[in-house]
J.: 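Quick one: the structure is below, questions incoming.
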Amino acid sequence: MHPMFAAELKQNFKDPYDAFMNHHLQYYGYFKAQGDGLPNAAKHQDPWERHPQYLFKGNFRKRSDLNQDTLQEEKLIWNSCASPSSGLLSQMETTNTWFFKSGSSSFSQDSSLLLETPLFKSNQLLFDEFGEGNPRLREPRNLFAFFSNDGFLQAPRWPIECEVIKENIHHIEWVPPKPEYFYHPTGNEKVPEIVGEGKGTVVYHIESAPPGSYFTSSRVGGKRGLIKQLSVNLQGPEDDTLLFESRFESGNLQKAVRVNTYDYELTLRTDLYTNKHTQWFYFRVQNTRKEITYRFTIVNLLKPKSLYTIGMKPLLYSEVDARTQNMGWRRAGDEIKYYRKAAEEGQPTFYCLTWTVRFPHDQDTCYFAHFYPYTYTDLQYYLLTVTNNPIQSQFCKLRTLCRSLAGNTVYLLTITNPSKTLEMAAAKKAVILSARVHPGESNGSWMMKGFLDFILGDSPDAHLLRDLFIFKVVPMLNPDGVIVGNYRCSLAGRDLNRHYKTILKDSFPCIWYTRNMIKRVLEEREVLLYCDFHGHSRKNNIFLYGCNSTSRKQWLHERVFPLMLSKNAPDKFSFRSCNFKVHKCKEGTGRVVMWRMGILNSYTMESTFGGSTLGKKRDTHFNTEDLKSLGYHVCDTLLDFCDPDRTKFQQCLTELKDEIFKKFSELGQQMDLDGNWSDISLSDIESSTSGSDSSLSDGPPIHLLDMTEKLEMKKKQKKKKKPLETKKQRNELHQKHRAIQESKLADDSQEKTEFTAMLKKPPGFLKGPEARVKNENSKFNESKKPGFKIPEPRKKGPTSTHEVTSGELMGNFPTIIL
């Protein structure tokens with residue numbers, strides 16, 4: 001207890017028992033009186049709130065003059081932290097908390113605000129601004145009130161092993177005025193020899209997680225204690241060594257070695273708690289020199305194929321250009337080469353990426369990235385604008401889906417216009433979208449942002465879509481991975497997109513709760529579309545992965561939406577790159593699991609890190625505006641797909657059938673449409689999946705193997721039957737079994753009668769082949785759709801030379817029921 005409180009308690013309550021009980025009641029928020037007064041929960045003075053000693057963690061009350069310490073676990077980010085004019089923090093005693101004085105540029109401590117009475121108030125009760133009125137319980141914090149009225153955001157939580165610099169990294173959005181073309185290799189690109197630390201100087205190095213370690217706990221600000229100075233100390237103004245940094249949100253660079261005056265070898269950090277997945281990079285360099293050619297070489301990439309081999313360029317951001325010319329990220333680099341590193345015996349095979357660049361300014365702060373970054377904080381700022389918009393907040397409800405392993409919020413948006421009647425609400429179909437299950441694929445967030453911008457807009461099409469559908473949106477499935485700068489995994493060290501069938505709720509909460517949410521939606525209504533936004537590192541353009549339906553009634557229907565999308569975005573979306581195979585290694589992915597749950601149109605949207613090879617955008621890189629436009633095209637295609645006039649749908653379906661027949665004909669194969677449709681294989685005509693960014697599932701983390709086995713055993717255990725306690729229960733059970741047996745006997749006797757009558761008829765196999773064909777054609781004539789042409793009977797046998805044309809096959813197509 002605070003010494004001042006102890007002294008006042010002794011003065012006000014001479015009896016130790018009274019002092020103890022009153023302090024106990026104060027702690028739990030029941031005693032609000034002063035001195036010897038009676039408890040009065042309706043009256044309470046406000047001054048105690050102004051002192052940081054008595055702030056409760058997680059207090060979301062409206063406060064404009066308080067901000068907690070950057071190292072506290074429940075830190076809130078000041079809304080204007082991105083402003084360069086915001087005051088700097090200075091550290092105080094560890095027992096105190098930061099608070100901000102109006103009109104001051106620093107945080108300070110004022111002892112005059114100490115409370116004069118030993119009164120406490122529970123942080124679970126709400127009062128008015130003057131501490132008076134009828135108290136009421138707070139709404140559950142994990143369901144409502146993500147952001148306070150003052151614009152506070154929840155700060156990212158980091159694993160306790162991670163050091164994090166106390167700087168806010170913010171980049172402006174900018175669209176290049178001219179197309180950014182691919183780099184065209186000349187064949188003379190230099191392949192630098194990798195020399196390593198032995199012949200170079202380490203100028204930046206982050207300690208990696210120990211082998212075999214796993215996530216244990218997290219906190220805001222990451223590792224406790226002072227932040228180490230990892231970059232080298234400059235010897236003076238003439239020292240031209242670059243200063244590297246990546247200990248910020250989504251940053252990834254583990255080591256930098258200076259091997260020549262202007263040459264640096266870079267090592268990326270693997271996904272946390274793994275020894276693989278090096279692809280995403282995002283780091284800062286300072287102390288630049290203008291008009292000097294620098295060379296950077298990343299030495300530990302793992303993929304044998306890359307878009308860098310066919311013209312993709314890295315991204316560069318200059319703070320001077322952003323400040324003076326309002327320029328953002330741009331493609332930069334020359335002499336780009338992706339090649340295999342000479343492997344030492346017993347060592348894994350690595351690949352290298354090298355490029356040269358000239359910085360635009362002296363003493364500039366620049367950033368390099370694999371793709372346009374989109375961080376967890378960027379998402380929160382966007383959601384803050386939505387919740388503060390009085391119009392959008394009426395039809396967009398923000399909720400917590402769950403908390404990640406590190407305790408970061410996984411947000412769920414429900415977007416729909418209010419329905420006039422309950423019947424209209426129940427008739428709405430659902431559309432489910434998600435992104436960033438792979439944290440290094442930031443293209444997914446930019447497509448998601450474009451979709452949200454459109455669906456939350458005021459256009460007639462947006463209004464119509466909100467009237468027709470209920471949109472469930474999870475904009476960032478893996479916030480932990482995004483925060484720490486992983487490429488593919490969560491803090492469990494596993495690819496979440498291979499564990500949608502998991503039973504380990506506590507280890508994979510993000511996808512477990514997503515799957516559970518979709519199950520509940522399916523119980524209430526039909527889900528028309530599921531789409532998970534991803535990025536692709538080996539193929540250009542944008543395309544979809546779907547699941548091939550074997551249903552006769554819905555054959556090829558899952559391909560209609562991608563074909564429509566390719567017609568709406570011909571310069572960006574490639575239907576020929578789409579694939580609809582369901583491989584065994586993909587059974588744990590989101591699209592396959594949702595398809596197995598009954599969603600026919602279940603897709604993975606793959607967007608390239610590079611650019612387009614189609615139409616007017618051929619040989620140019622994608623920018624953020626291109627990706628956001630895909631979100632609009634998804635909405636536009638949804639309207640075409642659900643148009644009551646089925647003309648477009650039928651045209652696409654006919655086009656798909658003609659294309660299938662053509663490809664089968666080219667392969668010299670015939671399609672027996674009168675047989676079992678599940679036997680019709682399209683594997684020979686699908687586009688290749690060699691460029692798929694697949695990663696085999698490693699199973700659950702090692703330290704959770706025993707838990708998995710226990711849960712599986714518990715799930716398989718059969719429940720013991722309850723013994724029948726009374727004679728009445730036994731008689732009812734016997735009567736039930738007897739009724740079942742009698743019904744079976746009746747069915748068997750009826751089947752025998754029908755079988756005997758069938759045997760009395762003349763056998764069909766005694767008739768000639770011509771008569772049999774005639775009978776089959778007559779049966780088809782009775783059920784065929786008007787206007788269909790009856791094909792001539794096909795000749796059978798290995799010596800047949802009859803050619804099957806697409807017109808003949810079209811005659812055998814079944815009636816499409818929509």
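Just so you know, these numbers come straight off a predicted model, no measurement behind them.
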J.: Verify the distance criterion only: is there a donor paired with an acceptor across the side chains of H621 and N623 at less than 3.5 Å?
T.: no
J.: Closest approach of K572 and S629, non-hydrogen atoms and distance?
T.: CE-OG, 3.2 Å
J.: What I want to check is whether the side chains of Y339 and T309 have a donor and an acceptor closer together than 3.5 Å.
T.: no
J.: Is the shortest side-chain N to carboxylate O distance from K628 to E173 below 4.0 Å?
T.: yes
J.: Short question: side chain of T589, backbone of K586 - any donor-acceptor pair under 3.5 Å?
T.: yes
J.: Checking the side chain of S612 only, and the main-chain atoms of D571 only, is there a donor and an acceptor separated by less than 3.5 Å?
T.: yes
J.: Answer yes or no: is there an ion pair linking D626 with K617, defined by an N-O contact shorter than 4.0 Å?
T.: yes
J.: Are the ring centres of W329 and F371 closer than 6.0 Å?
T.: no
J.: For atom CD of Q347, is the number of surrounding heavy atoms from other residues, nucleotides or ligands below 6.0 Å larger than 12?
T.: yes
J.: Could you walk me through whether L544 and C531 pass the side-chain contact (heavy atoms from CB on, under 4.5 Å) check?
T.: CA-CA 9 Å; L544 285 172; C531 190; 4.3 Å; yes
J.: Any donor-acceptor pair under 3.5 Å linking the side-chain atoms of Y282 with those of E249?
T.: no
J.: So, for F609 and G535, which heavy atoms are closest and what is the spacing to 0.1 Å?
T.: CE1-C, 4.1 Å
J.: Measuring only between side-chain heavy atoms, which start at C-beta, is E189 closer than 4.5 Å to I336?
T.: no
J.: State, with a plain yes or no, whether a side-chain heavy atom of F283 is found less than 4.5 Å away from one of L266.
T.: yes
J.: Would you tell me whether S577 and N541 have side-chain atoms, one donor and one acceptor, within less than 3.5 Å of each other?
T.: no
J.: For the residue pair F296 and F359, categorise the inter-ring angle as parallel (less than 30°), tilted (30 to 60°) or perpendicular (more than 60°).
T.: perpendicular
J.: Less than 6.0 Å separating the ring centroids of Y264 and F244?
T.: yes
J.: Under a 3.5 Å threshold, yes or no: a donor from one side chain and an acceptor from the other, between Y308 and H370?
T.: yes
J.: Is it true that a side-chain atom of N486 and a backbone atom of L491 form a donor plus acceptor pair closer than 3.5 Å?
T.: no
J.: On a heavy-atom basis, which atom in P439 and which in N478 lie closest, and how many Å separate them?
T.: CD-ND2, 3.5 Å
J.: Tell me yes or no: between the side chains of T354 and K190, is some donor less than 3.5 Å from an acceptor?
T.: no
J.: Quick one: do E291 and R358 make a salt bridge, cutoff under 4.0 Å?
T.: yes
J.: Below 6.0 angstrom between ring centroids: does that apply to H171 and Y367?
T.: yes
J.: Could you give me the CA-CA distance, side-chain angles and deciding distance for Y603 and Y545, then say whether side-chain contact (heavy atoms from CB on, under 4.5 Å) is met?
T.: CA-CA 5 Å; Y603 305 109; Y545 289 147; over 6 Å; no
J.: Say whether Q286 and T365, considering side chains only, have a donor N or O and an acceptor N or O under 3.5 Å apart.
T.: yes
J.: Looking only at side chains, do N252 and Y487 share a donor and an acceptor under 3.5 Å apart?
T.: no
J.: Determine whether K199 and V259 make a side-chain contact, defined as any pair of heavy atoms from C-beta on separated by less than 4.5 Å.
T.: no
J.: Is a salt bridge present between K255 and E265, judged by a nitrogen-to-oxygen distance below 4.0 Å?
T.: no
J.: Check P475 against S445 and note the closest heavy-atom contact, atom names and distance.
T.: O-OG, 4.4 Å
J.: Would you say the side chains of Y382 and D453 form a donor-acceptor pair under 3.5 Å?
T.: yes
J.: Taking Y181's backbone N and O only, do any of them form a donor-acceptor pair with D619's side chain (distance below 3.5 Å, no angle check)?
T.: no
J.: To the nearest 0.5 Å, what is the distance between OG (S404) and CZ (R157)?
T.: 9.0 Å
J.: Quick one about T241 and R258 (side-chain donor to acceptor, distance below 3.5 Å, no hydrogens or angles considered), yes or no?
T.: yes
J.: Donor-acceptor pair, distance only, cut-off 3.5 Å: does the side chain of K166 make one with the backbone of V164?
T.: yes
J.: Using a 3.5 Å distance criterion without hydrogens, assess whether the side chain of R331 forms a donor-acceptor pair with backbone atoms of K313.
T.: yes
J.: If you round to the nearest 0.5 Å, how far is CZ of F368 from CD1 of I298?
T.: 10.0 Å
J.: Have R488 and N497 got a donor and an acceptor in their side chains that come within less than 3.5 Å?
T.: no
J.: W280 and S442: which non-hydrogen atoms are nearest, and at how many Å?
T.: CZ3-OG, 3.9 Å
J.: Regarding E180 and K178, does a basic nitrogen lie under 4.0 Å from an acidic carboxylate oxygen?
T.: no
J.: For residues V320 and P360, determine if any side-chain heavy atom of one lies less than 4.5 Å from a side-chain heavy atom of the other.
T.: no
J.: Out of curiosity, Q254 CD to T270 OG1, how far, rounded to the nearest 0.5 Å?
T.: 7.0 Å
J.: Quick one about D495 and H438 (side-chain donor to acceptor, distance below 3.5 Å, no hydrogens or angles considered), yes or no?
T.: yes
J.: Could you tell me if E245 and Y204 have a donor-acceptor pair between their side chains, going purely by distance under 3.5 Å?
T.: yes
J.: For the residue pair H534 and F543, is the inter-centroid distance of their aromatic rings smaller than 6.0 Å?
T.: no
J.: Heavy-atom distance under 4.5 Å between the side chains of S306 and Y351, does that happen here?
T.: no
J.: So does A406 get a backbone contact from the side chain of S218, meaning a donor-acceptor N/O pair under 3.5 Å?
T.: yes
J.: Does D378 use its side chain to pair, donor to acceptor, with the backbone of T375 at less than 3.5 Å?
T.: yes
J.: Any chance you could measure C489, atom SG, to D480, atom CG, to the nearest 0.5 Å?
T.: 12.5 Å
J.: Taking atom types as modelled, is there a side-chain donor on Q363 or T288 under 3.5 Å from an acceptor on the other?
T.: no
J.: S607 versus L627: any side-chain heavy-atom pair under 4.5 Å?
T.: yes
J.: To the closest 0.5 Å, what do you measure between CZ (R284) and CZ (R247)?
T.: 9.0 Å
J.: Assess the residue pair T409 and Q154 against the criterion (side-chain contact (heavy atoms from CB on, under 4.5 Å)); give the C-alpha distance rounded to whole Å, side-chain angles, the decisive distance to 0.1 Å, and a yes or no.
T.: CA-CA 9 Å; T409 301; Q154 297 179 6; 2.9 Å; yes
J.: For the pair Q279 (side chain) and L301 (backbone), establish whether a donor and an acceptor sit closer than 3.5 Å, ignoring hydrogens and angles.
T.: no
J.: Check D321 with R330, please: is the shortest side-chain N to carboxylate O separation under 4.0 Å?
T.: yes
J.: Taking all non-hydrogen atoms of both residues, which atom of L307 and which atom of H536 are closest, and how far apart?
T.: CD1-O, 3.8 Å
J.: Are R618 and T613 close enough that a side-chain donor and a side-chain acceptor fall under 3.5 Å?
T.: no
J.: Side chains of Y374 and E441: donor-acceptor distance under 3.5 Å anywhere?
T.: no
J.: Would you say the side chains of R538 and N540 form a donor-acceptor pair under 3.5 Å?
T.: no
J.: State whether F451 and K449 meet the cation-pi test: NZ (Lys) or CZ (Arg) under 6.0 Å from the six-membered ring centroid, and within 45° of the perpendicular axis.
T.: no
J.: Are any side-chain N or O atoms of D362 and backbone N or O atoms of K290, one a donor and one an acceptor, separated by less than 3.5 Å?
T.: yes
J.: Quick one, N168 and F248 - any side-chain contact, counting heavy atoms below 4.5 Å?
T.: no
J.: Is there a side-chain contact between D271 and T278, using heavy atoms and a 4.5 Å cut-off?
T.: no
J.: How many angstroms lie between atom CG of D239 and atom CG of N233, to the nearest 0.5 angstrom?
T.: 9.5 Å
